[in-house]
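Here the structure comes first, spelled out in structure tokens, and everything after it is commentary.
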Amino acid sequence: MPLLSTRLVVQRRPEPVALMQAVTDHLEMHLAAALNQHSFKPLGLATGRTMEPLYRELVHRLMRWPEQRLAHLRRRWRSFNLDEYVGLPSSDPRSFAFYMQSQLGDPLQLPASHLRLPDGMAADPAIEALRYRADLRQAGGIGLQLLGLGGNGHVGFNEPPSAADAACRVVTLQPATRLQNAGAFGGDPAAVPSQAITLGLDDILSADEIHLIVTGAAKAEILRKALLEPCQNAVPASWLQRHPSVHLWVDDAASAHLPSS
């Protein structure tokens with residue numbers, strides 16, 4: 001069996017609850033350290049069911065911080081989300097903007113301007129993608145990027161095929177992705193918007209460090225392809241192999257097809 005890259009830092013836990021505790025440990029330490037730095041590089045955030053327990057635990061941890069320290073974090077917080085559906089306003093409960101506001105913005109009382117996402121209602125989504133990428137670069141790029149893994153190997157909404165130099169852009173979502181995201185749309189894949197604005201692999205791979213969080217047996221085979229087979233456009237997540245600082249957070253079920261050491 002091929003071996004995992006020696007640059008990949010792997011954190012395994014038996015089940016998702018213990019895994020999310022471990023990820024939150026790292027994220028809390030990262031935020032604490034960032035407060036003491038001259039510049040606060042933005043976080044790169046993701047949405048989806050995988051991230052929900054992580055955000056719940058992070059909110060729980062941060063709300064235990066001394067009020068003065070938490071207020072300092074609120075002032076310095078900057079984050080950029082990976083993606084947003086085209087055609088959904090931020091007030092729509094199915095939008096990623098609404099998701100982020102309910103998961104982090106409201107509980108932590110973060111300034112809305114500090115929790116950034118593409119504008120799904122922009123008159124010209126292609127121009128919005130260019131603006132969003134420019135804003136991220138102006139903010140200094142991503143310090144720590146959280147990623148989930150799509151069933152077809154996408155990260156963000158970089159659907160296959162996606163090259164490593166793909167930039168922030170408008171993408172058409174594949175049927176498998178719309179099916180995977182149908183839960184928020186009454187279980188109807190046809191109700192899921194057909195397009196989204198997503199940060200590209202080039203934007204993601206420019207982050208200082210990347211944290212890929214994968215749980216469940218359904219992701220075991222695509223995770224194997226992404227990490228053990230050659231980098232290829234057909235499996236967009238495989239390009240993460242070329243990044244110098246990737247942390248894989250994985251439970252036993254999702255790591256079933258990976259080498260044991």
Side-chain angles (χ1 to χ4, degrees), residues 20-85 88-93 95-120 122 128-129 131-148 155-156 168 197-199 203-213 245-247 249:
M20 292 307 172
Q21 292 279 348
V23 179
T24 309
D25 287 343
H26 183 93
L27 189 51
E28 184 180 11
M29 287 189 294
H30 174 88
L31 290 171
L35 287 183
N36 297 321
Q37 297 171 0
H38 176 68
S39 62
F40 188 110
K41 292 195 74 172
L43 297 171
L45 300 182
T47 55
R49 291 185 298 273
T50 300
M51 299 297 162
E52 290 177 10
L54 170 60
Y55 293 147
R56 280 197 301 270
E57 181 60 22
L58 181 63
V59 167
H60 176 70
R61 301 275 191 94
L62 295 179
M63 292 305 292
R64 294 187 299 182
W65 281 19
E67 180 55 38
Q68 186 174 2
R69 191 181 186 205
L70 182 56
H72 185 37
L73 176 65
R74 291 187 183 111
R75 288 191 297 270
R76 299 202 69 187
W77 182 286
R78 298 292 187 278
S79 60
F80 282 77
N81 263 72
L82 286 165
D83 40 36
E84 179 60 282
Y85 291 117
L88 291 188
S90 61
S91 59
D92 191 311
S95 72
F96 293 147
F98 190 95
Y99 173 105
M100 293 308 304
Q101 194 61 37
S102 61
Q103 294 287 329
L104 285 182
D106 289 340
L108 293 178
Q109 300 174 41
L110 298 174
S113 60
H114 294 185
L115 200 63
R116 305 289 297 278
L117 294 95
D119 180 4
E128 170 63 10
R131 182 203 64 78
Y132 191 63
R133 187 182 202 218
D135 284 356
L136 174 57
R137 290 190 164 189
Q138 180 67 29
I142 294 165
L144 182 152
Q145 174 70 62
L146 297 178
L147 289 178
V155 285
C168 187
I197 298 169
T198 185
L199 288 179
D203 307 299
I204 293 168
L205 293 171
S206 296
D208 293 345
E209 58 184 84
I210 294 173
H211 294 260
L212 179 65
I213 306 169
S245 182
V246 175
H247 299 248
W249 303 85

Side chain proximity check, [X] to [Y], heavy atoms < 4.5 angstrom:
X      : Y      : result
Leu205 : Ile210 : yes
Arg64  : Glu28  : no
Val23  : His211 : no
Leu136 : Ile142 : yes
Leu144 : Leu31  : no
Met20  : Glu57  : no
Leu54  : Trp249 : no

Side chains of residues 100-113: which donor-acceptor partners sit under 3.5 Å, not counting sequence neighbours?
residue : atom : partner : partner atom : Å
Gln101  : NE2  : Asp106  : OD1          : 2.9
Ser102  : OG   : Phe98   : O            : 3.1
Ser102  : OG   : Tyr99   : O            : 2.9

Which pair of heavy atoms, one from [X] and one from [Y], lies closest together, and at what distance?
X      : Y      : value
Tyr132 : Asn81  : OH-O, 2.7 Å
Cys168 : Arg133 : CB-CB, 3.8 Å
Ala32  : Arg69  : CB-NH2, 3.2 Å
Glu128 : Ala122 : CB-CB, 3.5 Å
Gly148 : Ala46  : N-CB, 4.5 Å
Gly141 : Pro42  : O-CD, 3.0 Å

Side-chain (Arg76) to main-chain (Leu35) donor-acceptor, under 3.5 angstrom: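 Looks like yes, one N/O pair under 3.5 Å.
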Item checked: Test item: Glu84 side-chain N/O and Ala97 main-chain N/O as donor-acceptor pair under 3.5 Å ->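 Between the backbone of Ala97 and the side chain of Glu84 there is a qualifying donor-acceptor contact (under 3.5 Å).
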Point-to-point distance, once rounded to the nearest 0.5 Å, from [atom1] of [X] to [atom2] of [Y]:
X      : Y      : atom1 : atom2 : answer
Trp65  : His72  : CH2   : NE2   : 9.5 Å
Phe96  : Ile197 : CZ    : CD1   : 12.0 Å
Leu82  : Thr47  : CG    : OG1   : 7.5 Å
Asp119 : Ser90  : CG    : OG    : 7.5 Å
Leu27  : His30  : CG    : NE2   : 7.0 Å
Ile204 : Gln145 : CD1   : CD    : 5.5 Å

Take atom [atom1] in [X]; do more than 12 heavy atoms of anything else shown fall under 6.0 Å from it?
X      : atom1 : result
Gln138 : CD    : no
Arg137 : CZ    : no
Arg49  : CZ    : no

**Message:** Show, in sequence, the C-alpha distance, side-chain angles and deciding distance for Glu67 and Arg74, and conclude whether the salt bridge (charged side-chain N to carboxylate O under 4.0 Å, His left out) test is met.
**Reply:** CA-CA 10 Å; Glu67 180 55 38; Arg74 291 187 183 111; 3.1 Å; yes
